[in-house]
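Worksheet: one structure, shown below.
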2 protein chains.
Amino acid sequence: MQDAVLAMLAKEPSHGYHLHARLRRSLGPLGESMNRGQIYVTLARLERAGLVVGERADGLPERPERKVYALTPAGQQRVAAWLAEVGWPKPDLAEFHLKLAAAAAARLADPVELVAAQRRELLRRLREAQHAALAEPAGWGAGLLLEGVVLRLQADLRWLDACERAWSKVDDEVEGG
Amino acid sequence: MQDAVLAMLAKEPSHGYHLHARLRRSLGPLGESMNRGQIYVTLARLERAGLVVGERADGLPERPERKVYALTPAGQQRVAAWLAEVGWPKPDLAEFHLKLAAAAAARLADPVELVAAQRRELLRRLREAQHAALAEPAGWGAGLLLEGVVLRLQADLRWLDACERAWSKVDDEVEGG
DNA sequence: TGGCCAATAGATAGCGGTTAGCCGTGGGAG
DNA sequence: CTCCCACGGCTAACCGCTATCTATTGGCCA
């Protein structure tokens, strides 16, 4: 979050609400779940850390005062460092994996059924993402982002196939033994 | 985290350290980054929420006391509800996307270079995951999990190709215009 | 027997993120 | 004129995670 805000400020100074809007625009449909309040919390922390300075700017005379934030040299340095990083979020498939194991171990549900339900959900999301992609410029901006979402969902669906193969074999053994 | 602990307890009651070990075993190489302390925090919260009861059990007479936790009826109910959910973690490609946009907008780095660096990193992780998969039973347990990681990394690499196409086109336009 | 060390077991502080909700202003609908 | 809603900003409370600290015990070695 901090990095995202700094990235926006690297382009141009903004106040909180504007930053929120810019982030949402930049992320397209995926940015809709963003919390507005978090922007202010983040900005306050960045200011306390000296990465950003906020200046009161009374644009229109009678509107609530807004604080326009801009990068400090330390902030610019941090943006540069962030760009140089090559991090990537670790895939979090563990939850579903544990779910299957727990369902089987505690005899609370049929793992193969869980896989089927999950596949229905992912197919739903896949259609949703493909539909949302139609409203965006293909191969650009938020459309590019949605392309990534689609590729991931397809990969996850293939993983579900592998899960089904694995767990249906277990069922056979249990029933057969 | 809470759900993962409850899932373990659904199979059999355990004390904190044992739970940690079971989770790590269940997740294989991917569980190595888990923090041991988090187990106790989670157990305390679950107990306060009435989903779990801890009973002092002095197994060996002179060992430090350990608390063996077990599900309450409310806890079992929550496990059942968790199994019925069909949630799936949302793909978090936004960070890299913002990085490319910030790099281009603030003229701080070449987006195509960033994509190349990221691809090198993902290829490294792909080899790592494939190597780790060799040490696990294929198509089962932690091996299945690693299979999912591999599929995801391959999808992400394909997305990087799309990113490169998009941003190299932008570079052409900038240089040409 | 005494001393050290690793493993076991648990607790705590603090950071970052999320959510819910409050406050004040202004503009428009009724 | 009143009421309601959108805007802009903020606070409080919670959750998850990590790092770090303590304490006990068993094993090893001298």
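Residue numbers start from 1 in every chain, and the chains themselves are labelled A, B, ... in the order their sequence lines are given, proteins ahead of strands. None of the values given here were measured: they were computed from a predicted structure.
- The phosphate of C:dT8 (OP1 or OP2) has a side-chain N or O of B:Y17 nearer than 4.0 angstrom.
- Of all the heavy atoms in A:G28 and A:A142, the pair that sits closest is CA-CB, 3.7 Å.
- B:D3 has no carboxylate O lying under 4.0 Å from a charged side-chain N of A:K99, or vice versa, which leaves the two without a salt bridge.
- If you take CG of A:L46 and C1' of D:dC10, they are 16 Å apart, rounded to a whole angstrom.
- The shortest distance between the side-chain N/O atoms of A:Y40 and the OP1/OP2 oxygens of D:dG9 is below 4.0 Å.
- The distance from atom CZ of A:R36 to atom P of C:dG21 is 14 Å, rounded to the nearest whole Å.
- Ring-plane geometry between B:F96 and B:W159 is classed as perpendicular, the angle between the planes exceeding 60 degrees on a 0 to 90 degree scale with a lower cut at 30.
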What are the atom names and distances for every N/O pair under 3.5 Å that joins the protein to nucleotides 14-19 of chain D?
{"residue": "D:dG16", "atom": "OP2", "partner": "B:Q2", "partner atom": "NE2", "Å": "3.1"}
{"residue": "D:dA19", "atom": "N7", "partner": "B:N35", "partner atom": "ND2", "Å": "3.4"}

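- Neither OP1 nor OP2 of D:dG8 sits under 4.0 Å from any side-chain N or O of A:H15.
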List the steps, then state whether side-chain contact (heavy atoms from CB on, under 4.5 Å) holds for A:R66 with A:H18. CA-CA 10 Å; A:R66 357 179 248 186; A:H18 188 204; over 6 Å; no
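- Nucleotide D:dC10 holds its C1' atom 10 Å from the OH atom of A:Y69, rounded to whole Å.
- Here C:dG16 presents its C1' atom at 12 Å from CG of A:D3, a figure rounded to the nearest Å.
- The NE2 atom of A:H18 sits 11 Å away from the P atom of D:dG9 (whole-angstrom rounding).
- A:W167 and A:E113 form no side-chain donor-acceptor contact under 3.5 Å, judged by distance and modelled atom types alone.
- There is no path of hydrophobic side-chain contacts, each under 4.5 Å, that joins B:V68 to B:L23.
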